[in-house]
Structure formats: C-alpha cells, structure tokens
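Computed from heavy atoms alone, side chains included, the values below leave out hydrogens, waters and symmetry copies.
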Amino acid sequence: MTSPSPEPPLQPPVDVALARVVPILPTAPPGRRLAYEPKFDGHRLLIFRLEDTVRMQARSGRIVTRAFPDLAAAARPLPPGTVLDGEVVVWAGGRTDFAAVQKRAFAASESRAGRLARELPASYAAFDLLAIGAEDLRPLPYERRRARLMALLEPLGPPLQAVPMTTDPELAATWYESLLEIGIEGLVIKELDQPYRPGRHWRKVRHSETRDAVVVGVVGPRLRPRALALVLPGDDTPLISAPLATAVRAQLSAALRDLPDPEPPPAELPTALDRVGAEIAYRPIAPDLTVEVRQEGTVRHAATRVMRLRIPD
C-alpha cells in the first residue's frame, strides 16, 4: 500500500513580500552583493500547484484561478507542492499592456475568461520559488531560491519564465535605461542572503512619479464622478483617487458615456480605501479605461491624483 503524498507546506492565502520605493539605484556595501530584477508592469500572482489542481492567488489574497485558464494549464506540469511568486503580463505591440492584464484579472465569468485568454494570452514572469514538494523554501537565502527557480522553469519555457536577474550594477543601470520602451517600470533590488518574508524588505526604483492605473469604479454620478476607484500595477485591491480636476472629469464623462451599459449595482456597493484610509463606496464599472496617476507619497494610502485619461494608440 502506497503512503499518501505529503501535504504541501503552503496553501493559499500566503502573505507576499513587497518593495519600498527608493529614489536612486542602490549599490551594495563592501563585501555584499545585490540582485537586480526588472519590475514588470503587471498583476501580482502566486501560483500553487496542489496535488490535484492549480490555484492562483492575487496580492490581496483573492483567489483568481478562473481568470487565467491558460496559466493554470501551463502550471500543471509543475511538481505538486510548487508555489511560485511573480507577475502576470500581457504583451501587445512589443511591450507590456497593463490595461489588458487587468481585463484578464477582473474577468467576471468563466466564458469571458476563456475568450480573453485566447485574445490576450498571458505570460508569467516568476521571480521567486516559495515551496516545492513538501519543502518550504522561504527561510532560504534569495540566491538559493533563485537557483532552484531557474532549474525548475528552464525545461518548461513560455508562458512560465523566470524574470532576468543580474548582480552587476552596471548592467542593472543599462536595463533601467533601456527597458522602459517595452513597458518595464523600473527595477526591484534584493539582497542575496535575504529570506522571503512579508513586508517591504525589498527595494524598487521607478522611472517616473506617474503610473498607469485601471479604472474599476466611480464615486458619485456615473457620468460625472467625483473620484475614481483604481487598481495600480501589481495589486488587485482598489483604492480611491483624490477628487478629480474639472478637466479630467470632462475627459472621463465622454469616455464613460461610450462604455456599455453597466449591470445593476449590487444592493451593497463595494468599498475601497481612500487616501486617508477611510472606506468609500463606489459603483463598479468594467475595467476598460486607463488613467495616468501621480502618487503623492510612498505608502499605499498616500493621495493618488488622476492626471489624465489614457487614450489607446
């Protein structure tokens, strides 16, 4: 009689490691080495290859397996007990498309998720291996986890791939300058001897104070909103923008009018956190609009100001 397979050490939800923004590209002190990785402009996702199935978790802990059937199929060859951390991206015209990946992430039905998987196929940029088999790898140094990640994914190939990494600060600086044109928003910096743990123990440097965000709801009248519910790259938890400027409201009014009629709102509207941490109800809309935002501060609940509507090329 065969013994049952060992229970995987990690089950969703798992708290994820995060990065704090720094103003310049850091270099290692004498005797230490840093790892530099491109920061993809996508949707943070943990992949759990369980004994009989694949499950996927967003940064917030929300289970989003249904939204990515193509990645679930690609993850099935992984050994049971494997847990990957990374970003889902969608490539369009030679660069990452954040609005496209958010459409995938917020697919409301299984049929829509399947259609979007065909129209907007996803790629997975893995940057960490948290577990494999019955072994929890989080206490290991990043350098050892990275070696295990590369050995695991190299035979599989796309759409599951490890992000590039270098310990050469000069090459990292070249990446920082040259990869912007394909949608890489900056670099994430990790210490080679770091374990994986929740909290902002990594660092990241970004090209600009402005970022793209996807509109998932409105606060106030649908065609003349006072503020927007937004989702930022790498996250799936909406936040509320600062009050909209008059010019931005005029831009949005025309765009919102062209959207399909929304479904009737739920009896209790969803809530999101505003810039001071209060919960605000918003009216959800399909994630079909992208705006450029500026965050005034470096923590999640700093004011997020909408600068303009992004018009598709």
Side-chain angles (χ1 to χ4, degrees), residues 8-10 14 16-19 25-26 28 32-50 54-57 59 68 70-91 96 121-176 178-179 182-198 201-205 234:
L10 294 182
V14 168
V16 300
L18 300 169
L25 192 66
R32 304 286 295 277
R33 287 192 300 159
L34 299 177
Y36 304 87
E37 300 172 350
K39 172 65 179 73
F40 284 82
D41 200 4
H43 186 89
R44 185 77 174 269
L45 193 76
L46 272 66
I47 296 179
F48 295 79
R49 176 59 169 101
L50 304 177
V54 173
R55 297 190 79 189
M56 300 182 188
Q57 174 201 318
R59 169 177 151 173
F68 298 103
D70 45 348
L71 294 184
R76 284 197 168 273
L78 294 169
T82 299
V83 181
L84 299 172
D85 191 1
E87 296 266 347
V88 182
V89 296
V90 171
W91 294 89
T96 59
S123 297
Y124 187 71
F127 50 68
D128 221 313
L129 178 62
L130 308 192
I132 190 167
E135 187 179 2
D136 184 348
L137 304 182
R138 291 176 297 176
L140 297 182
Y142 164 84
E143 188 170 28
R144 291 178 60 187
R145 300 195 312 275
R146 171 75 187 186
R148 300 277 293 271
L149 175 70
M150 295 295 292
L152 176 69
L153 294 186
E154 189 173 14
L156 298 181
L160 305 182
Q161 300 177 87
V163 299
M165 186 275 282
T166 183
T167 57
D168 181 351
E170 292 187 6
L171 178 57
T174 300
W175 283 357
Y176 182 72
S178 63
L179 295 181
I182 64 168
I184 303 302
E185 67 169 356
L187 299 178
V188 175
I189 302 94
K190 305 173 182 178
E191 298 178 20
L192 291 182
D193 59 356
Q194 271 184 314
Y196 183 100
R197 52 197 173 126
H201 304 291
W202 300 337
R203 288 172 283 179
K204 62 183 175 183
V205 58

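A donor-acceptor contact shorter than 3.5 Å is absent between the side chain of Gln161 and the backbone of Ala125. Judged by distance alone, the side chain of Tyr124 and the main-chain N or O of Leu45 form a donor-acceptor pair under 3.5 Å.
For Tyr196, the ring-ring contact (aromatic ring centres under 6.0 Å, His included) criterion is met by Trp202, not counting sequence neighbours. Scanning for salt bridge (Lys or Arg N to Asp or Glu O under 4.0 Å) contacts around Arg146 gives an empty result, with sequence neighbours left out. Listed by chain and number, the residues in a salt bridge (Lys or Arg N to Asp or Glu O under 4.0 Å) with Asp41 amount to none (sequence neighbours excluded). Remark: Ala151 engages no residue in a side-chain contact (heavy atoms from CB on, under 4.5 Å) (not counting sequence neighbours). When the salt bridge (Lys or Arg N to Asp or Glu O under 4.0 Å) test is applied to Arg76, no partner is found at least two apart in sequence or on another chain.
Rounding to the nearest 0.5 Å places NE2 of His43 at 10.5 Å from CZ of Arg59. In this structure, CD on Glu143 lies 5.0 Å from CG on Leu192, to the nearest 0.5 angstrom. If you take CD on Glu185 and NZ on Lys204, they are separated by 6.5 Å, rounding to the nearest 0.5 Å. A distance of 9.5 Å separates CD in Gln57 from CZ in Arg44, rounded to the nearest 0.5 Å. In this structure, the separation between CG on Asp193 and CG on Leu140 is 12.5 Å, given to the nearest 0.5 Å. Rounding to the nearest 0.5 Å places CD of Gln194 at 11.0 Å from CD1 of Ile189.
Minimum heavy-atom separation, Val54 to Ala72: CG2-O, 3.7 Å. In this structure, Leu149 and Ala162 approach most closely via the heavy-atom pair CD2-CB, 4.1 Å. Taking each heavy atom of Tyr36 and Ala28 in turn, the nearest pair found is OH-N, 4.4 Å. The two residues Val14 and Leu10 have their closest heavy-atom pair at CG2-CB, 4.4 Å. Nearest heavy-atom pair across Glu37 and Met165 is CG-CG, 4.1 Å. In this structure, Phe40 and Thr96 approach most closely via the heavy-atom pair CD2-CG2, 4.2 Å.
Each of Leu160, Val83, Asp85, Leu130 was compared with Ile47 under the side chain to side chain contact (heavy atoms under 4.5 Å, CB included) criterion, and only Leu160 meets it. For the side chain to side chain contact (heavy atoms under 4.5 Å, CB included) criterion with Arg203, the lone passing option out of Leu34, Val188, Leu25 is Leu34.
Side-chain atoms of Phe127 and Glu87, non-hydrogen and from C-beta on, do get closer than 4.5 Å to each other. Taking the side chain as every heavy atom from C-beta outward, Glu135 and Arg148 approach each other to under 4.5 Å. Between Arg138 and Arg145, the closest side-chain pair of non-hydrogen atoms is not below 4.5 Å. Pro159 places a side-chain heavy atom less than 4.5 Å from the side chain of Leu71. Proximity of Leu84 to Leu153: side-chain heavy atoms (C-beta onward) are separated by under 4.5 Å at one or more points.
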Open item on the list: As a quick check of understanding, evaluate side-chain contact (heavy atoms from CB on, under 4.5 Å) for Leu137 and Asp128, giving each step before the final call.
Closed with: CA-CA 10 Å; Leu137 304 182; Asp128 221 313; over 6 Å; no
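For residues 155-169, no pair satisfies salt bridge (charged side-chain N to carboxylate O under 4.0 Å, His left out), with sequence neighbours left out.
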